[in-house]
Amino acid sequence: MSEIKKEEEKSLNFIEEIIEADLASGKHKSIITRFPPEPNGYLHIGHAKSICLNFGLANKYGGKTNLRFDDTNPVTEDTEYVDSIKEDVQWLGFEWANEFYASDYFDQLYTFAVKLIEKGLAYVDDSTPDEIAQQKGTPTTPGVRNEYAGRSVEENLKLFEEMRDGKYPDGAKVVRAKIDMTSPNMHMRDPIIYRIKHAHHHRTGDKWCVYPMYDFAHGQSDSIENITHSVCTLEFIPHRPLYNWFIEQLEIYPSHQYEFARLNLNYTVMSKRKLLQLVNEKHVSGWDDPRMPTISGLRRRGYTPASIRDFCDRIGIAKRENIIDVSLLEFCIREDLNKTALRRMVVFDPLKVTITNYPEGEVEVLHSENNPEDPNGGVREVPFTRELYIEQEDFMEEAPKKFFRLAPGKMVRLKSAYIIQCNEVVKDETGKVTELKCTYIPESKSGSDTSGLKVQGTLHWVSIPHAINCEVRLYDRLFNAEDPQSEEGDFKDYINKDSLHVIKGAYAEPALKNTTFDERYQFLRKGYFTLDKDTSAEGMIFNRTVTLKDAWAKEQKK
RNA sequence: UGCCCGAUAGUAUAAUGGUAGUACGACAGAUUUUGGUUCUGUUUGUCUUGGUUCGAAUCCAGGUCGGGCAACCA
């Protein structure tokens with residue numbers, strides 16, 4: 001009940017308003033949307049916004065969503081991308097009603113072009129690309145029509161057929177819609193609708209050597225599928241008159257296009273072209289590098305589908321350009337993982353601690369909760385011994401007042417174990433601290449503490465004889481600039497050289513021995529982690545999904 | 001200098017002619033066997049100038065600023 005109320009109270013975005021009005025007026029009985037990626041790259045978080053929007057709309061209003069590959073350009077497209085896109089959409093948690101391809105409609109599209117020619121609304125043009133660009137004019141000066149526009153219907157029909165039959169080389173001829181060379185909208189100045197490409201298509205093979213342009217495929221594909229609300233990004237606004245013109249002239253189902261602002265995230269780039277460059281030039285290890293804003297990168301990093309959906313829900317849908325703060329994405333994943341991740345202890349930068357009053361060779365099995373946020377989460381066993389590792393950074397010889405950790409003479413609690421006191425600092429010749437000699441307070445055992453002592457800090461630790469050596473990979477933002485592409489020079493000049501920090505000598509508590517790829521962990525006081533696919537028999541490798549909020553780091557900056 | 005979009009706290013996003021609200025962030029405090037979580041509080045906003053109106057973030061006009069448009073890409 002309260003759930004329904006909450007739903008009602010949440011305000012609608014402008015597309016939902018349009019849909020509700022269309023449903024209320026009877027313009028549509030139900031809705032159909034589509035997600036139309038071009039299979040020429042991997043999906044990124046910006047696509048996730050579009051996916052969540054399109055599928056979310058259909059879910060909310062009881063409609064359906066098609067997955068349609070916009071594969072009209074065989075030279076850049078590949079089945080590798082088709083497969084990755086399908087995997088990513090499914091992983092995000094969405095099911096498409098139909099899997100379609102623009103290439104499914106090539107025959108129909110060809111017929112549409114013929115119809116336009118027959119109506120005297122399209123012609124074959126032999127001009128070179130340069131000439132066409134010349135004649136097109138500029139946004140402030142009108143274009144001019146050339147002599148080819150005067151060809152007869154019969155001649156155009158014959159030429160188009162010959163183009164289709166492979167009589168001409170690439171670029172020799174194009175088909176253009178005859179609209180208005182003086183239109184203030186450049187897209188209406190006799191746009192090219194078909195071009196010759198003797199290229200192998202990932203689905204239709206060598207059947208075609210003429211391929212429709214985006215503008216001549218997208219709207220018609222929407223129409224063929226009876227898409228009621230065709231949602232795309234802002235840069236297609238000037239295409240809308242053309243979208244409508246084709247539908248009107250072809251007298252087919254009137255789909256309508258609506259535009260929203262694409263997602264931008266700060267400290268990253270979000271164009272397939274730039275992401276491809278990062279991959280090709282080896283600035284990252286691949287499309288699924290955990291630093292990439294791709295769906296596959298986020299997945300490998302440890303982001304959950306729910307957290308990404310939540311993020312897309314929170315950023316909203318509007319028409320103004322925006323740059324979302326990554327801190328919101330991080331908030332979403334922390335919120336999800338805090339409730340579900342298993343707590344474990346891992347020391348990244350070990351400092352040996354010897355408990356001088358603890359018997360040599362003794363092993364005490366302690367228990368620690370798997371997740372304090374989950375009352376049913378249970379506990380795990382943690383062995384305690386005389387020799388332990390703690391974090392180097394958790395000890396300071398000369399500690400400031402606000403340092404709540406270990407220092408000579410000071411006491412801290414070891415999580416789920418005992419309170420210890422530091423009695424002696426052991427150093428090597430260079431003065432580096434190599435070991436701490438401490439004593440433990442036997443009455444301070446976690447869960448049955450009768451010591452009456454109050455300490456300010458609690459540290460994570462591992463028993464040296466039980467510690468598992470592992471590798472952890474810490475990630476930071478890929479770029480130093482908030483908006484790398486708007487900065488002076490090349491966006492790659494702003495790559496963060498320290499975006500990857502590998503620690504090979506980390507030590508994990510033994511409960512981590514049974515780690516699986518689906519499990520998410522919180523390494524206490526360190527952040528959220530998940531197993532990386534590079535893990536092998538040689539050892540476990542963990543990716544840091546996101547840090548914990550760190551009030552101490554903030555304090556230090558002051 | 002043509003056409004098209006847009007402008008509400010630091011960042012996003014509501015308010016659909018009637019009290020400018022929410023989230024994230026930031027800051028302060030409480031709780032805490034994670035300097036996590038949780039809780040409480042604080043801070044900051046309608047681009048501008050006119051007009052319509054009892055009343056304007058909202059409607060109208062002018063301006064300013066930002067973005068997009070001249071691929072045989074999508």
Side-chain angles (χ1 to χ4, degrees), chain A residues 10-13 17 36-38 40 70-73 75-77 102 125 127-129 132-134 136-143 170-176 183-189 192-197 210-211 213-215 217-218 232-241 259 261 266 272-273 314-332 334-335 338-339 343 345 368-369 372-373 402-405 412-417 419 444 446-447 449 455-460 522-527 547-556:
Chain A
K10 199 183 174 202
S11 55
L12 304 176
N13 65 50
E17 282 182 1
E38 184 189 11
N40 69 344
D70 224 330
D71 55 351
T72 58
N73 186 0
V75 303
T76 57
E77 294 154 8
D125 190 329
S127 307
T128 64
I132 287 177
Q134 278 295 320
K136 204 155 208 169
T138 70
T140 52
T141 58
D170 287 8
K173 286 178 165 48
V174 293
V175 182
R176 291 227 255 171
S183 171
N185 181 344
M186 298 297 292
H187 297 277
M188 299 297 274
R189 321 244 267 223
I192 293 169
I193 62 175
Y194 260 95
R195 77 289 214 189
I196 301 170
K197 276 180 194 284
V210 290
Y211 293 94
M213 298 286 288
Y214 165 84
D215 284 304
H218 202 100
C232 63
T233 47
L234 255 27
E235 68 268 27
F236 291 98
I237 290 176
H239 295 248
R240 191 180 345 123
E259 311 87 5
N266 58 7
K272 277 197 231 171
R273 211 196 93 250
R314 287 170 183 269
I315 57 179
I317 301 293
K319 295 192 77 157
R320 75 182 81 110
E321 303 275 353
N322 59 80
I323 301 180
I324 306 284
D325 208 309
V326 284
S327 66
L328 182 61
L329 219 208
E330 293 179 347
F331 166 82
C332 291
R334 283 192 190 110
E335 187 174 61
N338 177 48
K339 286 185 240 143
R343 311 293 133 124
M345 294 194 285
S368 191
E369 66 273 25
E373 303 298 312
K402 287 189 172 177
F403 187 77
F404 301 155
R405 309 175 185 186
V412 292
R413 170 166 299 277
L414 296 179
K415 172 70 183 174
S416 298
I419 291 174
S444 69
S446 187
D449 185 351
V455 292
Q456 285 186 112
T458 301
L459 308 185
H460 63 280
Q522 184 197 100
F523 292 174
L524 240 55
R525 307 206 299 139
K526 285 298 187 183
T547 61
L548 256 24
K549 278 213 247 170
D550 192 345
W552 170 239
K554 240 177 228 178
E555 183 63 36
Q556 283 176 302

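A note on names: the letters A, B, ... follow the listed sequences, proteins ahead of strands, and every chain is numbered from 1.
Of the N and O atoms on the side chains of A:Asn185 and A:Ser183, not one donor lies less than 3.5 Å from an acceptor on the other residue.
Nucleic acid contact class of A:Leu524 (heavy atoms, under 4.0 Å, all strands): base.
Between the base of B:U34 and the side chain of A:Gln522 there is a donor-acceptor pair shorter than 3.5 Å. Scanning atom types as modelled, no donor and acceptor separated by under 3.5 angstrom connect the side chain of A:Gln556 and the base of B:G35.
The side chain of A:Arg343 approaches B:G36 more closely than any other nucleotide in the set B:G36, B:A12, B:C5.
Between B:U44 and B:C39, the distance separating the two P atoms is 24 Å to the nearest Å.
In this structure, A:Arg320 atom CZ and B:G45 atom C1' are separated by 12 Å, rounded to whole Å. As a whole-Å value, the separation of A:Ile315 CD1 from B:A12 P is 11 Å. The interatomic distance linking A:Asp550 (CG) with B:U37 (P) rounds to 10 Å, in whole Å. The separation between A:Glu373 atom CD and B:U38 atom P is 7 Å, rounded to whole Å. If you measure from atom CG of A:Asn322 to atom P of B:A14, you get 11 Å, rounded to the nearest angstrom. One interatomic measurement links the two molecules: CD of A:Glu259 to P of B:C4, which rounds to 14 Å at whole-angstrom precision. When rounded to the nearest whole Å, the span between CG of A:Asn338 and P of B:G36 equals 12 Å. Atom-to-atom, CD1 of A:Ile324 to C1' of B:G10 comes out at 13 Å; the value is rounded to the nearest Å.
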When you check every protein heavy atom under 4.0 Å of nucleotides 24-33 of chain B, what one-letter string (B, S, -) results, 5' to 3'?
SSSSS----B
Under 4.0 Å protein heavy-atom contacts per nucleotide of nucleotides 67-74 of chain B, with B for base, S for backbone only and - for none
S-SB-BSB
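Residue A:Glu555 qualifies as enclosed at atom CD: its count of foreign heavy atoms under 6.0 Å is above 12.
Remark: A:Arg405 is not in phosphate contact with B:G35, judged by side-chain N or O atoms under 4.0 Å from OP1 or OP2.
Looking at A:Arg343 and A:Glu373, no side-chain N of the basic residue comes within less than 4.0 Å of a carboxylate O on the acidic one, giving no salt bridge.
Taking the six-membered ring where tryptophan is involved, the planes of A:His187 and A:His239 are tilted, since the angle between them lies from 30° to 60°.
Every stem involving RNA chain B, taken as at least 3 paired positions in a row under the Watson-Crick or G-U wobble test at 3.5 Å, is listed here: B:2-7 with B:64-69, B:10-13 with B:21-24, B:26-30 with B:38-42, B:47-51 with B:59-63.
To the nearest 0.5 angstrom, A:Asn338 atom CG is 10.5 Å from A:Lys549 atom NZ.
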